[in-house]
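Notes follow the structure.
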Protein chains: 2
Amino acid sequence: MAGARRKPAVDATRNPSLTRGVIVSAALELMDRQGVDGFSMRKLAGRLDVSPQALYWHFNGKDDLCEAVVELVRSDVRIEIDESLSVADRIRSHMRGLRSHLSRHPCAIELGRRFLPSTAGEVSDLGVSLICDLGIADREDALRHYRALVWTVTGFSLMEHGAETSVHHTRVPGTPIYEVRLRPGLGVKPDDDSQPATVVNVDVLFETVVDVFVAGLQAAASRG
Amino acid sequence: MAGARRKPAVDATRNPSLTRGVIVSAALELMDRQGVDGFSMRKLAGRLDVSPQALYWHFNGKDDLCEAVVELVRSDVRIEIDESLSVADRIRSHMRGLRSHLSRHPCAIELGRRFLPSTAGEVSDLGVSLICDLGIADREDALRHYRALVWTVTGFSLMEHGAETSVHHTRVPGTPIYEVRLRPGLGVKPDDDSQPATVVNVDVLFETVVDVFVAGLQAAASRG
DNA sequence: ACCTGAACACCGTTCAAGT
DNA sequence: ACCTGAACACCGTTCAAGT
């Protein structure tokens, strides 16, 4: 609960190789590979060849560490957008960029849910101004609509990532990760093949969301 | 992995009070109160006054039990919609109904992410036909758009629920649960009050999503 | 058929002790 | 200042044994 001892300082006499930075990167790597559920302090310690308790000198606990991981991932959000595109298309690119940034580190999606979906920073400023450019002049309105956009995209990523690690969704063999078999649900036994599984292409689904959302923004803009 | 022994049968000689149904309801109750993370097989067993291993006769494991919980919750989705409303407003109601059903059992949101966001059943059929009525005549298109709707709403609920159990989002005192303080994020220390917290009304945010989404659907419909 | 005792291999975290 | 040994109170799950 309280803040961890700050400033490891220069005189790291014992083990100079074990710093907050080293721990966080190793944690991120482990989480991306094994998933958040598969991650543990003890495994991380083993990976770093230290005792589990050593981590507790640098971090207050697992939550503290997870938070640092989220910040690490978040610190390199960068969405490049082709300036020659129309405003609507730039918003589409923004949404796609947000999604692919989130999928870059799957673990950060799960963690990020618990550690704030922040609407701050230059990426957000850019997003808000894009919405303004579309015709939603009032800044308050633009911010609200941008927040809606962020929540929609982040929520979608959560669903998507959940689907991937799901029990019932099995990847279509031979395809990239973005196709999922949806079972009909509702009392269907896991090994019942009588009901056909529905194949959903998650990319197509996301594009649908993007299209609907942008069209909705345009409508909101033209209403004043 | 394999199927649990089915059919407890009538001759439940030992303890007739311990059935799958009883276990699942108790699990749901416990999860709703303590959250999915706070739930454990051992706690559930304690609550039911049996040994933890007793549960393993009725269920294959924790996952199997969680799945049953999700099905229990899902089995009573019911969204009532005023027939006198316009099609657009009925879609709005549908989205709101979906959201409030999901918030009824917070645990099911988290679990449901891992155990299929199903697009099946009469609720979905109704939703798809609503989209058709709006003017998206092609059934394939309507289904795709409805799926986008479900993912959007479910994703939003996930975000919303995550925000509630979050470390950085603290409820605004004296208000209902639907207001959250959003910290600016990015290197701000948890106890740093120099940067003002942003207050986001989650209900307002959801209404924004609904408005944008429905307007987008209308645009898609009018495009043919 | 239905349940328990005992046990295994894990967790996160703390605390006194080492250097 | 930085780390370890030992320990506490938890997990999910299995397996042999009871009735």
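Sequence lines set the chain letters: A, B, ... in the order given, protein chains first and strands last, and positions in each chain run from 1. Because the structure is a prediction, the values reported are computed rather than measured.
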Please answer whether the main-chain N or O of B:Gly97 pairs with a side-chain N or O of B:His101 as donor and acceptor at a distance below 3.5 Å. no
Candidate pair A:Val24 and A:Phe59, rule side chain to side chain contact (heavy atoms under 4.5 Å, CB included), full reasoning: CA-CA 10 Å; A:Val24 175; A:Phe59 293 92; 3.5 Å; yes
Between C:dC11 (P) and B:Phe39 (CZ): distance, integer Å: 21 Å
So that I can tick it off, tell me whether A:Arg96 and A:Asp203 are bridged by a salt bridge, with the cut-off set at under 4.0 angstrom between side-chain N and carboxylate O. no
Answer yes when B:Glu29 and B:Arg33 have at least one side-chain N-carboxylate O distance shorter than 4.0 Å, and no when they do not. yes
To check you understand the geometry: which heavy-atom pair defines the closest contact between A:Ile79 and A:His94, and what is its length? CD1-O, 3.9 Å
Interatomic distance where CG belongs to A:Leu55 and P belongs to D:dA1 [whole Å]: 19 Å
Can you tell which of C:dT14, D:dA1, C:dT4 lies closest to the side chain of A:Tyr56? C:dT14
Taking 4.0 Å as the cut-off, does a side-chain nitrogen or oxygen of B:His58 come that near to OP1 or OP2 on C:dC3? yes
Ranking C:dG12, C:dC3, D:dT13 by distance to the side chain of A:Lys62, first place goes to C:dG12
Report yes if at least one side-chain N or O of B:Ser51 is closer than 4.0 Å to OP1 or OP2 of C:dC3; otherwise report no. no
Reading DNA chain C from 5' onward, which residue's closest nucleotide shows up sooner: A:Lys43 or A:Gln53? A:Lys43
Whole Å only: how far is the CE atom of A:Met41 from the C1' atom of D:dC11? 16 Å
Counting heavy atoms from C-beta on, name the nucleotide in D:dC2, C:dC11, D:dT14 closest to the side chain of A:Arg42. C:dC11
To the nearest angstrom, how far is B:Leu48 atom CG from C:dC3 atom P? 11 Å
A:Leu44 has an atom CG; how far is it from atom C1' of C:dC11, in whole Å? 14 Å
Could you give the CZ-to-P distance, from A:Phe59 to D:dC3, as a whole number of Å? 12 Å
Symbol by symbol from the 5' end, with Watson-Crick or G-U pairs under 3.5 Å, [ ] crossing and | another strand, DNA chain D is ||.|||||...|||||.||
Short side-chain to backbone donor-acceptor contact, B:Lys43 and B:Gly38, under 3.5 Å: yes
Ranking D:dC15, C:dT13, D:dC11 by distance to the side chain of A:Pro52, first place goes to C:dT13
Could you check how far CG of A:Leu30 sits from P of C:dC11, rounded to whole Å? 11 Å
Euclidean distance, atom CH2 of residue A:Trp57 to atom C1' of C:dC15 [Å, nearest integer]: 17 Å
Would you give the length of the straight line joining atom CG of B:Leu149 to atom CG of B:Leu98, rounded to the nearest 0.5 angstrom? 7.0 Å
